[in-house]
2 protein chains.
Amino acid sequence: MSLRHALLGLVAERPASGYDLLKTFETSLAHVWPATQSQVYGELGRLGDVGLLTVAAQGPRGRKEYTITDEGLAELRHWLLSTAPERPARSDMLLRVFFLGRVAADEAADYLARQGEAAAARLAGFEELSDSIDWGQDPLSVYGKVALEYGRRISAAQREWADWAAAQVRAGERGQ
Amino acid sequence: MSLRHALLGLVAERPASGYDLLKTFETSLAHVWPATQSQVYGELGRLGDVGLLTVAAQGPRGRKEYTITDEGLAELRHWLLSTAPERPARSDMLLRVFFLGRVAADEAADYLARQGEAAAARLAGFEELSDSIDWGQDPLSVYGKVALEYGRRISAAQREWADWAAAQVRAGERGQ
DNA sequence: ATACGCATGTAAGATGTTACATGATTAA
DNA sequence: TTAATCATGTAACATCTTACATGCGTAT
């Protein structure tokens, strides 16, 4: 149920409407916890029902601006510090690796090389993002930077792994 | 729909029953594409219905041994080489990082340090696994090793990031 | 005889995706 | 006046998790 906590965390930062939150999910949170419009409006309704958020103001076009309640703040803090993150699972990129023995070695090496290129592209994207944002001193900026650094390091490791793996497979191919 | 392709890939390697496949999902594939009993039996039925797998033999206790069909093989190959892996998304560990500004700096640093320890433990697990398996020359072994190396490298990068981030936060704390 | 492992299946509910549907406000 | 943006909501469907339900075969 982390969508719930993402909403709680965002609204805790500043009051917002579903529309506002949606834009955040499409930008800053896109690489971390993507969510669709359906999900956001649905969960916002439920969070209101259970009293973790409230509609503090109405705006034009039926805009509902949500604010976090004390219970919401308590729930957010509990989730942050007292619940264990689930280990990330399911990578269809890696799943394919398991079955690469079904295709010729050069096809497998090509697949791995393509994953290396994709990782390099992601890395470049993160570098660019890092340069384009003017980082403030607010907490979301500070920790946003830490999160971005995660993306950089993981992408770099993925690229190095893919290059190594492709070379490994090509070496095995010649060895046979 | 990658569960489907995981089943296709496994059965392509050697004919198997739902029960056999389940054990593979709980061991080798646990870190890559976990699946439950419900899912496996359900999808196996559907794969039979659409003709990508067939029940080639029956055994005791209603055991059904599945074999891959030519269409199944074609579908597997297509998925392997001609469909793009989805980029991995959703990390509740990272999502928490975004909201770490809600808690005191030392609590945030503790959180990051714990993630570092968890990554170190995963790394140790992979090292141990790597030593315990007697790697053969069969394709599943060769590429299984490549997949394991991925786990090692990513875990190492995660540990280094978490240690760096925790230090970063503690430095900021003193700076204020 | 009895417990353990083998073996399959279904139901209910949570979560997520895609598509549909509607309408108000604002700037050019 | 008309197009873009703001703004919310629902329906259908796919996927995944948890729990329930049943029964055969084999070794002790």
Side-chain angles (χ1 to χ4, degrees), chain A residues 1-8 10-11 15-27 29-50 53-66 79 83-84 86-92 95, chain B residues 1-8 10-11 15-27 29-50 53-66 79 83-84 86-92 95:
Chain A
M1 280 218 304
S2 287
L3 170 62
R4 159 161 301 202
H5 298 108
L7 289 167
L8 251 18
L10 254 18
V11 175
S17 68
Y19 192 84
D20 296 335
L21 293 164
L22 209 46
K23 281 184 295 185
T24 306
F25 279 101
E26 284 161 0
T27 55
L29 289 188
H31 296 288
V32 171
W33 204 272
T36 62
Q37 191 246 35
S38 273
Q39 270 183 293
V40 170
Y41 284 110
E43 192 62 30
L44 240 22
R46 261 167 264 134
L47 283 165
D49 293 343
V50 297
L53 293 182
T54 43
V55 178
Q58 306 253 148
R61 281 158 299 205
R63 174 186 173 94
K64 294 179 188 171
E65 201 160 69
Y66 288 89
W79 171 76
T83 63
E86 292 160 31
R87 31 167 248 79
R90 294 208 171 94
S91 160
D92 67 332
L95 184 60
Chain B
M1 280 220 302
S2 287
L3 170 62
R4 160 161 302 201
H5 298 108
L7 289 167
L8 252 18
L10 254 19
V11 175
S17 68
Y19 192 84
D20 296 336
L21 292 163
L22 209 46
K23 281 185 296 184
T24 306
F25 279 101
E26 284 161 359
T27 56
L29 289 188
H31 297 287
V32 171
W33 203 273
T36 61
Q37 190 245 36
S38 272
Q39 269 184 293
V40 170
Y41 284 110
E43 191 62 30
L44 239 23
R46 261 167 264 136
L47 284 165
D49 293 345
V50 298
L53 293 181
T54 43
V55 178
Q58 307 254 148
R61 280 159 299 204
R63 175 187 172 94
K64 295 180 187 171
E65 201 160 70
Y66 287 89
W79 170 74
T83 65
E86 291 160 31
R87 34 168 240 76
R90 293 206 173 96
S91 161
D92 67 333
L95 183 60

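Residue A:Gln39 contributes atom CD, which lies 14 Å from atom P of D:dC16 at whole-angstrom precision. Distance A:Glu86 CD to C:dT15 P: 10 Å, rounded to the nearest Å. Here the P atom of nucleotide D:dC24 and the OH atom of B:Tyr19 are 17 Å apart, to the nearest Å. Here C:dG9 presents its P atom at 8 Å from CG of B:Leu44, a figure rounded to the nearest Å. Rounded to whole Å, the distance from CD on A:Glu43 to C1' on C:dA14 is 10 Å. The CZ-P distance, from B:Arg4 to D:dT15, rounds to 8 Å in whole Å. Protein atom CG of A:Asp20 is 13 Å distant from nucleotide atom C1' of D:dT5, rounded to whole Å. One can place NZ of B:Lys64 at 10 Å from C1' of C:dA7, the figure rounded to the nearest angstrom.
Among the protein residues, A:Arg46 comes within range of no part of the nucleic acid, since none of its heavy atoms lies under 4.0 Å from any strand.
When distances run from any side-chain atom of B:Met1 to the nucleotides C:dT8, D:dT15, C:dT17, the shortest one goes to D:dT15. For A:Arg63, taking side-chain heavy atoms from C-beta onward, the closest of the listed nucleotides D:dT17, D:dT8, C:dT17 is D:dT8.
For the pair B:Arg46 and B:Glu43, the salt-bridge criterion is met [side-chain N within less than 4.0 Å of a carboxylate O].
Taking for each of B:Gly18 and A:Ala35 the nucleotide of DNA chain C with the nearest heavy atom, the 5'-most of the two is the partner of B:Gly18.
Closest of all the heavy-atom pairs between A:Val55 and A:Gln58 is CG1-OE1, 3.7 Å. Nearest heavy atom pair, residue B:Asp92 against residue A:Trp33, reads N-CZ3, 3.7 Å. The two atoms that bring A:Ala35 and A:Val40 nearest to each other are CB-CG2, 4.2 Å, heavy atoms only.
Legend: residues meeting salt bridge (Lys or Arg N to Asp or Glu O under 4.0 Å) with B:Glu65, ordered by chain and number and at least two apart, are B:Arg63. Every residue two or more places apart in sequence or in another chain was checked for a salt bridge (Lys or Arg N to Asp or Glu O under 4.0 Å) with B:Arg90, and none qualifies.
Atom CD of B:Glu86 is surrounded by 12 or fewer heavy atoms from other residues, nucleotides or ligands within 6.0 Å.
In this model, the phosphate group of C:dG9 is not approached by any side-chain N or O of B:Tyr41 to a distance below 4.0 Å at OP1 or OP2.
Side-chain atoms of A:Ser38 come within donor-acceptor range of the base of D:dT10, with a qualifying N/O pair under 3.5 Å.
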Using the 3.5 Å cut-off, write out each protein N or O paired with an N or O of nucleotides 20-24 of chain C and the distance between them.
none

